[in-house]
Number of protein chains: 2
Amino acid sequence: MTNQDIKDASAELWQNSIPHISIDSVVFGFLNNQLNVLLLKIKEEENWILPGGYLQKNEGIDDAAKRILYERSGADKIFLNHFGVFGDLNRSEGYFKDYPDDLWHKQRFITIGYYALVDQTQVNPIPDHFTDCCEWKPVHPIPNMVMDHEIIIKKALSTLREHISHKPIGYNLLPEAFTLPELQGLYEAILGEKLNRGNFYRKMMRYDILIKLDEQRRGGAYKAPDLYKFDEDKYKKALGGLNW
Amino acid sequence: MTNQDIKDASAELWQNSIPHISIDSVVFGFLNNQLNVLLLKIKEEENWILPGGYLQKNEGIDDAAKRILYERSGADKIFLNHFGVFGDLNRSEGYFKDYPDDLWHKQRFITIGYYALVDQTQVNPIPDHFTDCCEWKPVHPIPNMVMDHEIIIKKALSTLREHISHKPIGYNLLPEAFTLPELQGLYEAILGEKLNRGNFYRKMMRYDILIKLDEQRRGGAYKAPDLYKFDEDKYKKALGGLNW
DNA sequence: ACAAAAGTGTTAGGATTACACCCATGT
DNA sequence: ACATGGGTGTAATCCTAACACTTTTGT
């Protein structure tokens with residue numbers, strides 16, 4: 001990334017985006033029984049940063065959040081929910097300090113936080129030419145983050161935990177077909193505690209949002225677990241007001 | 001409000017405030033066993049509007065919400081919580097359409113929603129020279145509102161209901177001293193349903209946040225009810241992460 | 001054979017709900 | 001006296017947690 005690159009980007013952003021507002025997403029994925037977050041690393045910067053972007057002049061904020069995530073991950077079937085706004089003074093100070101004052105990135109930003117749940121197996125992180133890398137990192141422990149991004153992740157996680165305890169979850173976080181032990185592992189990863197298998201089984205059955213498929217997951221050791229998918233209609237109904 | 005007035009205000013706002021961002025507050029008050037919202041009416045406009053304002057360049061968003069509310073109501077001991085962001089396109093279109101395009105108010109705004117709980121007996125609504133009147137209106141039914149302000153109120157109320165069901169409430173909404181039937185009336189007004197008196201009594205005692213005073217509320221018919229105040233420390237602890 | 005998966009039974013505890021009773025007390 | 005407020009008792013219900021037992025089934 002050259003000095004000129006960033007100045008070009010700045011000019012384009014002033015042209016098309018709404019100033020002072022940014023959108024940052026905490027994107028949760030789930031793989032190998034572990035809860036992960038999608039993080040970026042800016043070139044020449046040692047700390048991690050949340051994937052984010054700006055609101056275009058002709059765009060609603062939910063749409064912007066979706067677009068940004070799509071650009072970054074290729075995922076378009078996304079559960080996205082707003083969970084907070086972060087607008088303290090000086091939250092973005094210090095970065096770009098060597099650049100001219102009219103640089104887009106040097107503005108004061110109020111950032112709108114979304115958390116997203118995606119099927120990690122379907123997502124290919126896409127770095128752009130400002131970012132060194134774009135990676136799934138485990139949620140525990142949270143790596144060193146830029147600015148207030150660690151606080152943002154924590155708030156996102158606590159919001160997610162609240163949702164999970166009285167709404168179903170899993171759609172968009174799991175592949176189309178999944179097993180009950182996998183779903184339980186997801187709950188355990190989010191809540192950070194072991195759950196009782198029998199009780200979990202009954203809880204899911206009571207939700208009445210699962211459809212058992214005719215196949216099993218072959219190839220593992222021991223007994224092949226049954227595969228399920230979500231009943232979209234019932235799932236949506238159970239979700240109530242939340243987006244998805 | 002003359003044409004010149006609004007142009008002057010516009011110039012001053014461009015100078016001191018961050019563009020495109022507004023803050024709207026849904027201010028709940030409680031009086032005569034009824035839940036009310038503080039609403040404004042703009043001159044020459046027939047629908048009601050939420051009290052709101054703009055974020056100054058040197059100000060955090062929570063601070064701005066507090067300042068705006070203080071300017072409008074004189075209240076400074078306020079329970080304030082963020083509950084959402086409203087950033088659809090065209091949400092503020094149509095107003096000020098006869099004014100020049102560089103008018104502050106004609107921008108596209110993303111509004112940050114706060115809900116507030118105040119002691120209505122301590123608040124004197126303060127209209128400014130843009131507003132005809134500033135009044136407490138009952139929450140049911142919500143009067144005709146400008147733009148998406150009805151949606152904002154509904155979201156605020158549902159957030160408040162969620163909070164009330166697992167956090168204590170009442171401080172900032174009731175006078176310093178209050179009776180249990182008054183507190184119960186507040187809960188009933190927010191939740192929109194009658195509660196059982198005996199169970200409510202025990203629930204409050206279990207919270208362990210009330211201090212019984214030595215006086216009673218005199219002057220009513222029949223038996224004088226006991227007066228209570230909140231135990232600030234225990235109340236704060238029970239609130240957990242919420243502001244107040 | 002083994003270990004995981006599936007399905008079910010049971011029990012204890014906690015919280016909530018609904019009623020009901022008794023006493024106290026201003027007007 | 002009377003209607004409200006204060007305080008308590010209790011039974012029914014629901015949900016959750018904890019544990020245990022059985023059966024099924026790929027490797």
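Each chain gets a letter, A, B and so on, in the order the sequences are listed, and its residues count up from 1. Note that this is a predicted model, so its numbers are computed, not measured.
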- Any donor-acceptor pair under 3.5 Å from A:N196 side chain to A:G198 backbone: yes
- Task: Taking heavy atoms of chain B and a 4.0 Å limit, find me the 5'-most and 3'-most nucleotide of DNA chain C within that range.
- Result: C:dT16 to C:dT27
Compile the donor-acceptor pairs under 3.5 Å between side chains in residues 152-159 of chain B and protein atoms, sequence neighbours left out, one pair per line.
residue : atom : partner : partner atom : Å
B:K154  : NZ   : B:E150  : OE2          : 3.2
B:K155  : NZ   : B:F83   : O            : 3.4
B:S158  : OG   : B:K155  : O            : 3.1
B:T159  : OG1  : B:K155  : O            : 2.8

- Find the distance B:R206:CZ to D:dT8:P and express it as a whole number of Å. 13 Å
- Query: For A:R217 and A:A177, which heavy atoms make the closest approach, and how far apart are they?
  - Reply: NH2-O, 4.0 Å
- Item | Length of the line joining A:Y201:OH and D:dT16:C1', which is rounded to integer Å | 18 Å
- Message: How close do A:L40 and A:W48 get, counting heavy atoms only, and between which atoms?
- Response: O-CE3, 3.2 Å
- Student check: side-chain heavy atoms of A:V26 and A:V37 closer than 4.5 Å: yes
- Please give, in whole Å, the distance from D:dC15 C1' to A:M204 CE? 14 Å
- Task: Assign a letter to each nucleotide of nucleotides 17-27 of chain D from its 5' end: B, base within under 4.0 Å of a protein heavy atom; S, sugar-phosphate only; -, no contact.
- Result: BBB----BBBS
- Query: Should the pair A:H82 and B:H82 be assigned to parallel (<30°), tilted (30 to 60°) or perpendicular (>60°) ring geometry?
  - Reply: perpendicular
- Item | Minimum heavy-atom distance A:N36-A:W136, with the two atoms named | CB-CE3, 3.8 Å
- Message: Does A:K212 reach a base, just sugar-phosphate, or nothing at all? Heavy atoms under 4.0 Å.
- Response: sugar-phosphate
- Message: Does B:Y228 reach a base, just sugar-phosphate, or nothing at all? Heavy atoms under 4.0 Å.
- Response: sugar-phosphate
- Task: I would like to know whether B:F30 and B:L174 meet side-chain contact (heavy atoms from CB on, under 4.5 Å); could you show each step before the answer?
- Result: CA-CA 7 Å; B:F30 183 67; B:L174 291 173; 3.8 Å; yes
- Message: Regarding B:R217, tell me which of base, sugar-phosphate or nothing describes its non-hydrogen contacts under 4.0 Å with the strands shown.
- Response: nothing
